[in-house]
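Heads up: the structure comes next, in structure tokens.
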Amino acid sequence: MKELDLETIRHALRTARENGYEVVRIRSGAEAFRGTLDLTRPESATPELVFMPEEMDADPEETEGQAFEEIRAMAVGYFAPGSLFEVSASVNKGDVVGSIRALGISNDVTSSVSGKITEVLVGEGDPVQFGQALARVEV
Amino acid sequence: MKELDLETIRHALRTARENGYEVVRIRSGAEAFRGTLDLTRPESATPELVFMPEEMDADPEETEGQAFEEIRAMAVGYFAPGSLFEVSASVNKGDVVGSIRALGISNDVTSSVSGKITEVLVGEGDPVQFGQALARVEV
Amino acid sequence: MIQKVLIANRGEIALRVIRTCKRMGIETVAIYSQADKDSLHVAAADSAICVGEATNTDSYLNLANVLMAAEISGADAVHPGYGYFSERTLFAEALAGMGIKFIGPSVKAIEAMGDKAAAKAAAIAASCPVVPGSDGIVANEADAIRIAEEIGYPVLLKAVAGGGGKGIRRVDSSADLGRLWKLAQNEAQASFGNADMLVEKCVIAPRHVEVQVIGDEHGNLIHLFERECSIQNLRHQKIVEEAPYAGMSEALRKRMGEAAVRVASAVGYSNAGTVEFLVDSSENFYFLEMNTRLQVEHPVTEAITGLDLVELQIRVARGEKLPLTQEQVQFEGHAIEARITAQDPDQQFAPSTGLISRWNAPGGPGVRMDTHVYAGFKIMPFYDPMIAKLIVYGRDRAEAVQRLTVALDEFHVEGIKTNIPFLRRLVRDADYQAGDISTAFVPQFLGEA
Amino acid sequence: MIQKVLIANRGEIALRVIRTCKRMGIETVAIYSQADKDSLHVAAADSAICVGEATNTDSYLNLANVLMAAEISGADAVHPGYGYFSERTLFAEALAGMGIKFIGPSVKAIEAMGDKAAAKAAAIAASCPVVPGSDGIVANEADAIRIAEEIGYPVLLKAVAGGGGKGIRRVDSSADLGRLWKLAQNEAQASFGNADMLVEKCVIAPRHVEVQVIGDEHGNLIHLFERECSIQNLRHQKIVEEAPYAGMSEALRKRMGEAAVRVASAVGYSNAGTVEFLVDSSENFYFLEMNTRLQVEHPVTEAITGLDLVELQIRVARGEKLPLTQEQVQFEGHAIEARITAQDPDQQFAPSTGLISRWNAPGGPGVRMDTHVYAGFKIMPFYDPMIAKLIVYGRDRAEAVQRLTVALDEFHVEGIKTNIPFLRRLVRDADYQAGDISTAFVPQFLGEA
């Protein structure tokens with residue numbers, strides 16, 4: 001789920017209006033918006049509002065121009081690494097990197113990205129929950 | 001109490017910081033401030049923050065260049081108008097415009113502004129609460 | 001022994017179960033969907049396991065993920081709450097296979113009561129009155145017409161696999177039966193994967209009265225008096241429930257309580273369950289169905305008996321004998337529960353979602369709040385619209401109604417629409433205040449309003 | 001008749017009184033300072049009158065404004081809550097002169113108990129044990145030394161006009177007495193406008209146990225059992241209170257209840273009041289003072305007796321006889337109240353102000369919340385730091401302590417600092433859990449922590 005959804009923006013605007021702010025800058029992950037509210041209009045009228053994408057500052061973790069993503073568990077169970085599941089291994093999107101054993105059945109874990117594994121976060125037999133990061137990949 | 005106290009500003013800043021806003025503009029009555037937050041510093045550090053008085057936009061009710069203020073009750077009791085308490089009367093700051101009777105004692109009501117009364121909001125014997133608007137004055 | 005319980009549910013009921021577990025010194029594991037990460041049930045548990053994305057089928061109804069959450073957590077028991085897997089024998093069986101205790105009745109009892117025809121047969125065998133109708137599944141439309149003419153219109157067509165007010169169609173004359181029979185069968189097939197139907201006499205404007213029972217695994221079974229649940233919306237979902245049924249004669253209370261115990265005993269019932277009845281204006285009562293789980297409205301029973309039903313569930317699940325006999329169960333005072341839902345009463349109760357920007361809940365003497373939400377919580381469209389239960393207690397019904405009225409007036413929510421304005425009007429209705437209610441109350445009230 | 005009540009107070013206690021008035025069908029008028037316009041007590045009342053600016057002296061303690069608010073509102077009665085004007089005879093007298101009923105005891109009774117020396121004399125006359133000490137006001141330092149040596153150190157110097165733990169100094173030896181005598185006199189003069197002092201034996205590590213009484217205006221007076229209030233902070237302010245005092249023998253309960261009724265009767269007491277005692281480890285009890293008003297901690301008495309104390313106050317104020325006799329008052333179970341304050345336990349409990357950005361209050365079975373705040377409410381520096389009362393009920397003390405522990409763990413507040421982390425540690429203390437407490441508990445606990 002994306003954090004910066006319409007609801008977030010609506011909430012920010014409401015907060016801004018209630019507090020009398022005119023400029024709203026919202027940042028979330030790789031997205032940023034700047035909005036200007038016309039506070040002289042009543043709330044029910046269409047707000048005079050312009051939201052524009054902004055230049056983002058570099059993320060502190062990405063200062064060297066690198067980007068990281070994570071391979072995540074899409075099931076609850078016990079993890080078993082595949083042969084590709086090790087630091088420095090190159091993976092392609094869709095590659096099977098391991099499996100999650102649940103109720104006696106093995107479910108493949110595929111990489112959601114292409115890149116080089118820089119860190120493995122779970123080991124053989126570790127219990128994992130849905131969405132848990134299994135490995136970091138430099139993309 | 002003035003609305004725009006330190007507490008309000010602190011609250012606005014906290015809200016701004018929590019929501020990732022960088023520019024905070026606070027307006028209250030005749031005062032307005034604009035602040036810029038440096039969000040890259042941790043909260044405990046002295047914030048990089050400049051608050052400066054701003055030019056105020058005209059109040060929608062003052063579009064014709066007029067400004068209104070209100071004479072307010074500073075006690076709870078029954079109101080009795082004085083001779084100046086009528087529409088079109090000119091009052092000076094400090095003029096006695098009526099009284100509030102409380103526990104058998106009459107307490108003078110003085111005008112907090114100079115100008116012309118444009119509207120009277122209470123009549124002889126009306127009960128009034130603290131802070132209640134008694135009359136509108138064009139200043 | 002039960003030392004660690006996984007709660008296979010979400011929201012207020014998960015939080016409710018966690019509260020009792022913590023009080024009993026039992027470790028708790030919550031499960032949650034990605035959309036529910038900020039729910040109070042997650043914060044309250046000792047640990048929490050994410051079981052999937054927002055939608056129910058991806059998370060709370062993802063059997064493999066929920067079972068595996070129980071396994072990897074090391075829980076020795078699972079509390080199912082209500083809804084979700086609470087009445088699914090597959091779930092209870094799978095847990096048994098994993099050596100994890102299901103906090104609820106036996107698979108056999110769930111099965112016996114999950115099939116409406118079998119449940120009705122069990123009630124008849126236990127000398128409990130049932131609504132006149134077909135002796136089991138009706139083979140075809142012709143049989144349905146014959147039975148309807150025998151027992152007299154109006155009749156109800158009920159899906160064998162339905163429940164909680166779902167899968168029911170009223171038929172007022174033989175002219176309508178053919179069309180509605182097909183419709184009802186199709187709906188039942190689509191909703192429950194089972195098109196089998198019953199035909200039942202439609203009791204006019206009955207009260208919905210249910211009896212709480214609880215049994216241990218040593219054959220002891222008692223009832224904890226009744227709840228009056230006639231205030232139901234147009235979809236037969238309960239909105240306002242109370243205990244006791246203040247207008248009930250002591251003789252009827254005794255007869256219904258005993259009948260409920262007989263029905264439950266007939267299927268070897270253990271743990272908490274509810275036997276639902278219709279009661280007509282002449283104090284005739286008819287077995288309706290049995291819910292083999294904790295009920296949403298269980299707090300009103302807790303309020304008048306002073307018992308903690310979740311505690312009793314856990315104690316009998318760990319093999320203890322019931323700590324009290326039928327004679328030791330007493331009730332005092334009157335309790336009412338109002339279900340607070342994120343629904344817009346001005347828009348045909350359409351679900352309302354969004355960020356709760358203000359949540360000023362009522363409080364003070366005699367007020368209990370059960371909720372997983374708070375100011376700052378975002379209501380998502382994925383789940384049941386019930387976001388809180390307001391339970392009030394008074395020395396008698398009049399005092400409870402007064403407390404409910406005051407509490408609803410205080411309850412102030414912004415950011416989403418709720419049914420609170422509707423409830424405020426409802427509790428001011430003269431018939432409601434007089435206790436003159438039936439399942440026909442809300443339709444009439446909405447027609448008048 | 002009482003048809004319209006002005007509540008001459010703010011915050012949770014004003015809201016608490018409003019709740020009962022509304023339930024009884026009585027119209028309510030709130031008063032508020034400009035700083036309190038968003039408090040829930042203002043929203044809950046039928047109408048509200050602003051009585052001044054933020055500070056107490058400008059608003060809630062502005063006698064003319066509060067009296068005139070009562071007059072212009074058309075209220076026929078005023079409930080004073082606790083603190084503020086609740087024990088000021090001038091206020092009660094002025095209301096009487098305006099033909100407005102003061103919901104509280106007679107001016108004579110307030111006067112008799114407001115003067116510590118007179119109160120002690122009344123207790124002695126009613127054959128109620130008192131702490132050994134001066135027979136009334138001590139004339140000078142020399143007399144103070146003589147009495148202290150008679151009764152033995154440590155002794156307490158107490159301002160005649162003090163109360164609620166204020167205006168008390170402990171003296172451990174004759175070497176300190178001279179200096180502390182002057183200091184205490186100066187403080188008493190500054191705080192209460194009255195430098196008169198008593199000297200009393202300091203009972204070591206006593207329990208603070210108080211008895212709730214209520215009388216009607218026809219001479220009937222009963223007690224509603226005791227509250228154990230030994231958990232007090234370093235300023236002698238109660239933090240955690242419970243009812244009953246679980247470790248008390250039935251014989252002592254009976255003796256103290258009867259003594260409280262005798263003391264109250266001796267001054268012709270009507271309405272609700274509390275007789276406070278010290279109890280030593282040998283079950284000796286000593287009259288301390290009488291509070292002639294509703295007490296902060298009254299909800300624990302409500303929880304175990306099922307009574308609504310504000311309702312009883314209003315009923316006797318409108319001339320009704322007490323609706324129950326001493327024999328009809330029963331208690332069941334155990335209740336504990338924890339005062340939630342906006343104070344930072346890591347900064348010597350310094351007051352904390354600001355916007356409450358998150359307020360996730362506990363709930364569920366046996367939990368009562370009394371508060372006027374919510375997420376979005378701004379805590380101002382002008383008032384008492386107590387922002388909420390958490391009251392839990394259980395079948396016995398152990399269950400109540402468990403519920404309190406669970407509830408405190410759930411209680412999540414952001415934006416301001418609260419004493420909740422301190423309370424969480426306190427309820428986990430082994431001595432606290434065992435009920436092994438005294439007024440020395442908190443100082444010891446803080447020393448250890």
Side-chain angles (χ1 to χ4, degrees), chain C residues 12 15-25 40 43-44 298-299 302-303 306-311 332-333 356-377 388-395 398-399 401-407 409-410 412 414, chain D residues 12 15-25 40 43-44 298-299 302-303 306-311 332-333 356-377 388-395 398-399 401-407 409-410 412 414:
Chain C
E12 68 84 18
L15 181 56
R16 156 80 196 81
V17 174
I18 289 167
R19 282 169 173 151
T20 289
C21 288
K22 293 190 97 162
R23 182 173 65 68
M24 295 173 75
L40 291 184
H298 76 277
E302 294 185 325
L307 298 170
D308 180 330
L309 290 192
V310 175
E311 178 192 332
E332 199 181 342
I356 299 176
S357 54
R358 182 134 297 171
W359 180 264
N360 299 356
V367 173
R368 167 178 169 184
M369 280 296 306
D370 276 45
T371 185
H372 60 290
V373 309
Y374 50 88
F377 185 79
K389 301 190 309 205
L390 166 61
I391 303 107
V392 297
Y393 177 79
R395 281 162 291 186
E399 185 170 291
V401 171
Q402 289 162 344
R403 284 222 161 111
L404 181 59
T405 307
V406 174
D409 283 355
E410 269 180 43
H412 179 63
E414 290 177 21
Chain D
E12 68 84 20
L15 180 57
R16 196 258 162 276
V17 174
I18 289 167
R19 284 171 172 151
T20 289
C21 288
K22 294 191 96 163
R23 182 172 67 70
M24 295 174 75
L40 292 184
H298 75 276
E302 295 186 324
L307 298 169
D308 180 330
L309 289 192
V310 174
E311 178 193 332
E332 199 181 340
I356 299 177
S357 54
R358 180 133 300 170
W359 181 264
N360 299 357
V367 173
R368 166 178 170 184
M369 279 296 308
D370 277 45
T371 184
H372 59 289
V373 310
Y374 50 88
F377 184 79
K389 301 191 309 205
L390 166 61
I391 302 107
V392 296
Y393 177 78
R395 282 162 290 186
E399 184 171 289
V401 171
Q402 288 162 345
R403 284 221 161 112
L404 180 59
T405 307
V406 175
D409 282 355
E410 271 181 42
H412 179 64
E414 290 178 20

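What's counted below: heavy atoms across the whole structure, side chains too, no hydrogens, waters or symmetry copies.
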Picking from C:R16, C:M369, C:R395, which has the most non-hydrogen pairs under 4.5 angstrom with chain D?
C:R395
So which of D:E12, D:Q402, D:E302 has the largest heavy-atom pair count under 4.5 angstrom toward chain C?
D:Q402
Could you list the residues that satisfy ring-ring contact (aromatic ring centres under 6.0 Å, His included) with D:F377, not counting sequence neighbours?
D:H372, D:Y374
Quick one: what part of C:V367 sits under 4.5 Å from any heavy atom of chain D, side chain, backbone, both or neither?
backbone
Point-to-point distance, once rounded to the nearest 0.5 Å, from CZ of D:R403 to CG of C:D308:
5.5 Å
What part of D:E399 is in contact with chain C, defined as an atom under 4.5 angstrom from a non-hydrogen atom: side chain, backbone, both or neither?
both
What part of D:P365 lies closer than 4.5 angstrom to a heavy atom of chain C: side chain, backbone, both or neither?
both
Would you say C:R19's side chain and D:G363's backbone share a donor-acceptor pair under 3.5 angstrom?
yes
Tell me which pairs pass salt bridge (Lys or Arg N to Asp or Glu O under 4.0 Å) where either residue lies in residues 356-367 of chain C, with sequence neighbours left out.
none
Which residue out of C:V310, C:D370, C:L40 racks up the most heavy-atom pairs below 4.5 Å with chain D?
C:D370
Which heavy atom of D:E410 sits nearest to which heavy atom of C:A44, and what is that distance?
CG-CB, 4.5 Å
Engaged part of C:R23 at the chain D interface, taking heavy atoms whose separation is under 4.5 Å
both
